[in-house]
Asks: 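Please find one structure pasted underneath; my questions will follow.
Atoms considered below: every heavy atom in the structure, side chains included; atoms not considered: hydrogens, waters and symmetry mates. Throughout, protein chains are lettered first and strands after them, A, B, ... in sequence-line order, and every chain is numbered starting at 1.
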2 protein chains.
Amino acid sequence: MTFNEFKQMAMISMEEICRDIFRENQKSIKIKKEAVAVKNLTNIFSTTLKLSNEKGFQTMSLRDLSRSSGLSMGALYSYFTSKEELLAMIQEQGRRLTRIILTRQVGHITDPREKLQAAVRTHLYLTEVMQEWFYFSYMEAKNIDKVQQKKAIESELATEQMFIDILEEGDKKGLFSVSDPVLTASVIKSMLQDWYVKRWKHSRRRISVDQYADFVIGFIESAVKVAKA
Amino acid sequence: MTFNEFKQMAMISMEEICRDIFRENQKSIKIKKEAVAVKNLTNIFSTTLKLSNEKGFQTMSLRDLSRSSGLSMGALYSYFTSKEELLAMIQEQGRRLTRIILTRQVGHITDPREKLQAAVRTHLYLTEVMQEWFYFSYMEAKNIDKVQQKKAIESELATEQMFIDILEEGDKKGLFSVSDPVLTASVIKSMLQDWYVKRWKHSRRRISVDQYADFVIGFIESAVKVAKA
DNA sequence: GTCTATAGTGCGATAGAC
DNA sequence: GTCTATCGCACTATAGAC
């Protein structure tokens with residue numbers, strides 16, 4: 001799957017997820033017509049991500065959000081009961097997209113070498129498409145309540161566990177040589193995070209997501225001593 | 001140099017740097033007696049770092065800082081002219097310590113293999129000792145003004161350039177095999193950053209800074225194909 | 001369903017007593 | 001050199017008109 005194909009697929013999933021948010025938060029959302037609600041929610045989320053990525057969620061006031069989204073303060077409060085709840089809604093749906101897409105794209109692969117490559121590339125594609133959400137989620141992690149924080153940690157460790165499993169499977173089959181799968185998975189994850197956290201750096205250097213993916217895959221394979229095909 | 005020796009040295013440098021801040025910011029600082037000023041500045045900085053690491057600099061109010069540091073609001077404003085200036089002062093001095101210590105510990109080494117190892121270990125030791133500052137600096141980078149932001153970027157790229165130089169030198173001498181020194185340096189840096197950004201993860205797994213350093217050095221050396229001694 | 005107007009709170013910053 | 005008291009402002013959140 002090329003990056004452009006991936007992008008289309010992720011966009012469709014994103015729309016579905018916005019609809020899910022609406023349905024699951026109907027107790028907080030005063031608007032009853034789904035078409036109106038989903039349209040405005042999408043607007044609110046993307047504007048929040050844009051503003052928060054510029055100056056942080058705490059620094060962004062709801063007046064800023066009102067001005068940029070074109071919705072009044074009163075209208076905004078028809079979609080959430082507090083600023084904190086808005087943050088939680090956005091975080092939750094991003095986590096959900098991560099889990100769905102990683103499972104769909106990687107879950108069925110059995111060969112550890114292919115699976116490692118697919119996991120790295122899919123993760124990078126995902127964070128490229130959802131760049132704003134991932135950066136937001138990364139930077140605002142400590143501003144959420146304990147319950148949400150626990151979910152964020154679980155989500156992070158679940159992704160890391162996927163890499164641990166792949167590495168252990170490959171080691172067992174004699175395809176990789178991995179002395180410490182936990183630390184190896186951990187540094188792999190740090191390389192993947194760097195793609196969206198330090199995006200200014202990569203974009204200044206004109207590195208595409210596929211270039212970065214190829215490099216990271218090569219780097220990891222050298223380190224875990226995969227024989228080149 | 002062991003971690004404990006390093007720690008002592010860094011602590012001494014940190015005291016000197018607090019004195020430097022006082023001397024260079026005497027226009028903003030109303031207090032004239034150096035002993036009093038340095039003592040209170042140290043208190044203000046460490047309390048700010050502690051609170052900001054918990055909930056972010058923007059979220060921390062100066063009333064929080066006043067309560068935790070034991071200094072009144074009025075007293076705080078004897079040491080800086082605005083909350084923003086407090087942020088800038090802390091950032092500046094951390095950058096300075098990074099530059100001084102990396103140069104002192106790594107600059108004189110000529111063998112690329114030794115130099116790579118020393119650079120990785122020194123960087124990890126430094127971020128371990130100054131964990132709160134590095135996390136603060138990393139998370140608050142987008143909340144500072146354009147001038148400070150430019151300095152932060154320059155500082156980051158300077159550290160990365162050090163790794164690029166080491167890798168190119170090693171490649172030239174036939175000690176490493178590095179196809180893309182820029183991206184290689186970039187992923188090395190991401191692994192180093194992970195140590196202080198995801199500290200909760202490493203500390204939960206009971207990984208010491210030396211264990212992490214040994215692992216990262218081994219991982220990089222495998223990837224750039226250094227023959228084991 | 002969306003708006004404007006405003007209540008109520010807590011902020012950064014300062015003046016002036018000690 | 002440090003404190004308390006307070007100013008003016010911008011914020012989150014809500015009530016009620018349309």
Side-chain angles (χ1 to χ4, degrees), chain A residues 18 21-23 25-45 47-48 51-52 54-90 140 143-145, chain B residues 18 21-23 25-45 47-48 51-52 54-90 140 143-145:
Chain A
C18 259
I21 300 186
F22 168 67
R23 288 177 185 161
N25 289 275
Q26 287 214 341
K27 61 180 189 306
S28 312
I29 298 172
K30 296 193 187 71
I31 314 305
K32 291 302 152 210
K33 278 158 75 178
E34 185 166 297
V36 178
V38 171
K39 177 176 143 286
N40 281 335
L41 266 183
T42 309
N43 178 7
I44 291 170
F45 290 165
T47 309
T48 303
L51 293 175
S52 297
E54 282 164 16
K55 53 182 180 178
F57 183 74
Q58 305 290 333
T59 312
M60 173 200 82
S61 71
L62 292 183
R63 282 173 167 80
D64 291 336
L65 180 57
S66 165
R67 205 177 312 113
S68 291
S69 66
L71 288 152
S72 68
M73 288 292 288
L76 288 180
Y77 273 92
S78 304
Y79 293 90
F80 46 79
T81 59
S82 72
K83 196 184 174 187
E84 202 187 347
E85 192 187 66
L86 169 62
L87 196 160
M89 274 161 73
I90 297 178
E140 307 300 339
N143 300 321
I144 54 182
D145 63 71
Chain B
C18 259
I21 301 188
F22 168 65
R23 287 177 186 158
N25 289 276
Q26 287 215 339
K27 62 182 188 304
S28 312
I29 297 174
K30 296 191 187 74
I31 313 305
K32 291 302 152 210
K33 277 157 76 179
E34 187 168 295
V36 178
V38 171
K39 175 177 143 285
N40 281 335
L41 266 183
T42 309
N43 178 8
I44 291 170
F45 290 165
T47 309
T48 303
L51 294 175
S52 296
E54 282 165 17
K55 53 183 180 180
F57 183 75
Q58 305 290 333
T59 313
M60 172 198 84
S61 72
L62 291 183
R63 283 173 170 78
D64 291 335
L65 179 58
S66 166
R67 205 177 311 114
S68 290
S69 66
L71 288 151
S72 68
M73 288 292 287
L76 288 179
Y77 273 92
S78 304
Y79 292 91
F80 47 79
T81 59
S82 72
K83 195 184 175 187
E84 202 187 347
E85 193 187 66
L86 169 61
L87 196 159
M89 274 161 71
I90 297 178
E140 306 300 339
N143 299 322
I144 55 183
D145 63 73

Asks: If we ignore angles and hydrogens, is there a donor and acceptor under 3.5 Å between the side chains of Glu140(A) and Ser52(A)?
Replies: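 Distance-only check fails for Glu140(A) and Ser52(A).
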Asks: Tabulated below should be each protein N or O lying under 3.5 Å from an N or O of nucleotides 12-14 of chain C; please produce it.
Replies:
| unit_1 | atom_1 | unit_2 | atom_2 | d |
| --- | --- | --- | --- | --- |
| dG12(C) | OP1 | Lys83(B) | NZ | 3.2 |
| dG12(C) | OP2 | Leu62(B) | N | 2.9 |
| dG12(C) | N7 | Arg63(B) | NH1 | 2.8 |
| dG12(C) | O6 | Arg63(B) | NH2 | 3.0 |
| dA13(C) | OP2 | Tyr77(B) | OH | 2.3 |
| dA13(C) | OP2 | Lys83(B) | N | 3.0 |
| dA13(C) | O5' | Tyr77(B) | OH | 3.1 |

Asks: So does Ile44(B) get a backbone contact from the side chain of Thr48(B), meaning a donor-acceptor N/O pair under 3.5 Å?
Replies: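 Side chain of Thr48(B) to backbone of Ile44(B), a donor-acceptor pair under 3.5 Å: yes, one is there.
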Asks: May I ask you to say what Asp64(A) touches in the nucleic acid, namely base, sugar-phosphate or nothing, with a heavy-atom cut-off under 4.0 Å?
Replies: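 Since no nucleic acid heavy atom lies under 4.0 Å of Asp64(A), the category is nothing.
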Asks: Only counting residues at least two apart or in another chain, list the ones meeting ring pair (Phe, Tyr, Trp, His ring centres under 6.0 Å) with Phe22(B).
Replies: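 In terms of ring pair (Phe, Tyr, Trp, His ring centres under 6.0 Å), with neighbours along the sequence ignored, Phe22(B) is linked to no residue.
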Asks: Quick one: is Asn40(A) getting a side-chain N or O under 4.0 Å of the dT2(C) phosphate, OP1 or OP2?
Replies: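 So the side-chain polar atoms of Asn40(A) do come within 4.0 Å of the phosphate oxygens OP1 or OP2 of dT2(C), strictly under.
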Asks: Rounding to an integer number of Å, can you tell me how far Leu76(A) CG sits from dT4(C) C1'?
Replies: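 Taking CG of Leu76(A) and C1' of dT4(C), I get 14 Å after rounding.
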Asks: If I take atom CG in residue Leu71(A) and atom P in nucleotide dC3(C), what distance separates them, rounded to the nearest angstrom?
Replies: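 Going from CG in Leu71(A) over to P in dC3(C) covers 6 Å.
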Asks: Give the rounded distance in Å between these two atoms: CG of Leu41(A) and P of dT2(C).
Replies: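 Leu41(A) atom CG is separated from dT2(C) atom P by 11 Å.
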Asks: Can you check whether Lys55(A) reaches Asp64(A) side chain to side chain, under 4.5 Å on heavy atoms?
Replies: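 Touching, per the 4.5 Å side-chain cut-off.
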Asks: Quick one: Phe57(A) CZ to dC11(D) P, roughly how many Å, whole number?
Replies: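 After rounding, the gap between these two atoms is 14 Å.
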Asks: Just the rounded figure in Å: distance from P of dG1(D) to NZ of Lys33(B).
Replies: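 The answer, rounded to whole Å, is 6 Å.
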Asks: Expressed in angstrom and rounded to an integer, what is the separation of Lys39(A) atom NZ from dG1(C) atom C1'?
Replies: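 Taking atom C1' of dG1(C) as the reference, NZ of Lys39(A) is at 11 Å.
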Asks: Partners of Phe57(A) by ring pair (Phe, Tyr, Trp, His ring centres under 6.0 Å), sequence neighbours excluded?
Replies: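 Checked Phe57(A) against ring pair (Phe, Tyr, Trp, His ring centres under 6.0 Å); matches are Phe136(A).
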Asks: So, the side chain of Ser66(A) versus the backbone of Leu62(A): is there a donor-acceptor pair under 3.5 Å, distance only?
Replies: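 Checked: no pair found.
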